[in-house]
Amino acid sequence: MTETTAQRRFSVHGVAEGASRAHIVEGASFEDAALSFVEHQHPVADDDVSLYVEDCETGERQCFRVDPETGETAPCD
């Protein structure tokens, strides 16, 4: 039997962009949503992408830097 992780809705946008440019992304975690956003919205990014990821249900917001080549995430400085 396989375990499934509940998908949540997140609002994701670039740090340099306004919240009005956010996209709704489903993911199992903040990091999952950030990676999904980069994969679908910045497929040709060369440099790290800095993003705000907000849980649509709780309003909790986190900031991540994502390396598009490796998929590694780290908190923003």
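Just so you know, these numbers come straight off a predicted model, no measurement behind them. Count residues from 1 along the sequence.
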task: Any chance you could pull the hydrophobic cluster mates of V15, using side-chain heavy atoms under 4.5 angstrom and chaining through other members?
output: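 Under the 4.5 Å side-chain rule, V15 groups with Y52.
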message: For L35 and T73: C-alpha separation, side-chain torsions, deciding distance, then whether side chain to side chain contact (heavy atoms under 4.5 Å, CB included) applies.
response: CA-CA 8 Å; L35 290 171; T73 62; 4.0 Å; yes
Heavy-atom closest contact ([X] atom, [Y] atom, distance):
X: F10; Y: D55; answer: CD2-CA, 3.7 Å
X: V66; Y: A34; answer: CG2-CB, 4.1 Å
X: S11; Y: C56; answer: N-SG, 3.6 Å
X: C76; Y: L51; answer: SG-O, 4.4 Å
X: Q7; Y: E26; answer: OE1-C, 3.6 Å

- prompt: Which is it for H23 and Q41 under the side chain to side chain contact (heavy atoms under 4.5 Å, CB included) test, yes or no, and what are the steps along the way?
  reply: CA-CA 9 Å; H23 294 267; Q41 301 302 323; 3.6 Å; yes
- request: Output yes when a side-chain donor or acceptor of R65 lies under 3.5 Å from a complementary backbone atom of P75, and no otherwise.
  value: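 Yes; judged by distance alone, with no hydrogens or angles, the pair exists.
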Side-chain donor/acceptor of E39 to backbone N/O of S36, under 3.5 Å: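 A pair under 3.5 Å: no.
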- request: Go through I24 and V12 one step at a time and tell me if the side chain to side chain contact (heavy atoms under 4.5 Å, CB included) criterion holds.
  value: CA-CA 6 Å; I24 300 300; V12 184; over 6 Å; no
task: Just jot down the side-chain hydrogen bond (donor to acceptor under 3.5 Å, both in side chains) partners of E60, sequence neighbours excluded, or say none.
output: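 Listed in chain order: Q62.
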